[in-house]
Amino acid sequence: MSNKNYNNMNFNIEGIPSNAVSIVGSVADEEYSIASLLEAQSNLLCNAINHCITVCDFIDIIQSIIRTLKTIIQKNNILENKLRETLNFIQKEGIGCLDYNEQFELLNNLNSVLESIGTEESSLGYLIDKLGKGVTNIASYCTFDDIKQVNNLIITLMKLIVEKNMILLRKLRTVISLIKFIKDSEFDIFIKIKKEMFCTIKKLINSIFKEEKGLAELIFGESVKMSCALKMCINEEELSELDSLINSFIDVICDKKRILEYKLSEILTLLNTVGFSSCEIDSIMNHLKDLQSVAYVGEFELSKLIKNNSKELNKFIDQECCNFNELVRFNICITCNLVCLLLNLNSGRKNKNAFECDPGSCSNKSICKKINNIINQIK
């Protein structure tokens, strides 16, 4: 069954609201199980990665993980619809239909759903981290065809991870929406769950930290792999292919980064909705500072990826004495394409094409001297 069909599914909830409260708890339990399955996939990759692993074995493992993740996403789509319809039913019937204990159970279950989202995100961060380490290990003995195949599989896997992240983001927004509804009602019972929810918010922020850390490791592995490719005796057509591979990789990284940005925004909304003391807020700010530091590591690895490949391409031009217009025609101006993406990412713009650069405007052999100057400032 396609994802489109899953997204169009309607789970009509019937019965008393107390039954719906139990359904919310069951969704949280299933999400925890999915998180365990994701962690098992990460452990599979972790145990297989060593300096003796062959490229073929690495490819087989990634293909296996891709198949598993596709199945997980189908399950996630079902759970998302189930949760949304259940929470819509509860909101329609009103919190007043629940007695005090049922209201407390509902908040507990909502908190469990939030916690399960953080657990799944952390598992994804762990998976990305191990993927990056695996790429680094096999990079030195990859052929050019190996590099293309591995890169395509990584992009496929990362697109699936981004798709899963979007599902989790929608769940997060759905839960926060009901929490705001409860908070705005006269039934303010958050005092009993406030401590647990504060811990959950920290876990959600920590899950972003783990994903940012994993992305930095993956970008480093990609940089090592592409550096190995540029040391090979590759022709202009292969260099153009390499350009396309790197652009596709950076593109999916940008998509992933944007989702993390949206997720952080939703978490801060939750923080403001529930309401915490200044001391508790200071504690959250310390987590955000740690997140900022690890995000910087990822940006630094991106800048190194761009700078290193730019230098290698400049060497290629000098050695071959190629005409610059011919290089533009073969679309190998990696510096221009990737710096545009990086600058848009760093400036927090939603539109990937907000910053434009015309490689044809260059008037000398080195690739886009103006953009190279920008790169020198990204250190």
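Residues that satisfy the side-chain contact (heavy atoms from CB on, under 4.5 Å) test with Val252, not counting sequence neighbours, are Met158, Lys159, Val162. Taking Thr156 as the reference, nothing meets the side-chain hydrogen bond (donor to acceptor under 3.5 Å, both in side chains) condition, with sequence neighbours excluded. A search for side-chain hydrogen bond (donor to acceptor under 3.5 Å, both in side chains) contacts involving Glu115 returns Tyr32, Lys203, not counting sequence neighbours. Every ring-ring contact (aromatic ring centres under 6.0 Å, His included) that Phe198 has, sequence neighbours left out, goes to Phe276. With sequence neighbours excluded, no residue forms a salt bridge (Lys or Arg N to Asp or Glu O under 4.0 Å) with Lys210. With sequence neighbours excluded, no residue forms a salt bridge (Lys or Arg N to Asp or Glu O under 4.0 Å) with Lys130. Contacts of Asn109 classified as side-chain contact (heavy atoms from CB on, under 4.5 Å), with partners at least two apart in sequence or in another chain: Val21, Val24, Glu105. With sequence neighbours left out, the side-chain hydrogen bond (donor to acceptor under 3.5 Å, both in side chains) criterion links Glu217 to no other residue. For the salt bridge (Lys or Arg N to Asp or Glu O under 4.0 Å) test, residues two or more places apart in sequence or in another chain that qualify with Glu266 are Arg173. A search for side-chain hydrogen bond (donor to acceptor under 3.5 Å, both in side chains) contacts involving Asp60 returns nothing, not counting sequence neighbours. Listed by chain and number, the residues in a salt bridge (Lys or Arg N to Asp or Glu O under 4.0 Å) with Asp146 amount to none (sequence neighbours excluded).
Ile61 and Leu127 fall within the same hydrophobic cluster, defined by Ile, Leu, Val, Met, Phe, Trp and Tyr side-chain heavy atoms under 4.5 Å apart, directly or through other members.
The nearest pair of heavy atoms linking Ser123 to Ser42 is O-OG, 3.5 Å. Nearest heavy-atom pair, Ile155 versus Phe249, reported as atom, atom and distance to 0.1 Å: CD1-N, 3.8 Å. Here the closest non-hydrogen pair linking Thr136 and Gly221 is OG1-CA, 3.2 Å.
Under the 3.5 Å distance criterion, with hydrogens and angles disregarded, a donor-acceptor pair is assigned to the side chains of Asn165 and Glu121.
Taking a 6.0 Å sphere around NZ of Lys164, one finds it holds more than 12 heavy atoms contributed by other residues, nucleotides or ligands.
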N/O donor to acceptor pairs below 3.5 angstrom from side-chain atoms of residues 147-154, sequence neighbours left out:
unit_1: Lys148; atom_1: NZ; unit_2: Glu241; atom_2: OE1; d: 3.1
unit_1: Asn151; atom_1: OD1; unit_2: Lys225; atom_2: NZ; d: 2.7
unit_1: Asn151; atom_1: ND2; unit_2: Leu245; atom_2: O; d: 3.4
unit_1: Asn152; atom_1: ND2; unit_2: Lys148; atom_2: O; d: 3.1

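Listed for the Asn88 side chain is a donor-acceptor partner under 3.5 Å among the backbone atoms of Arg84.
In this structure, the side chains of Thr119 and Glu39 stay at 4.5 Å or more apart for every pair of heavy atoms.
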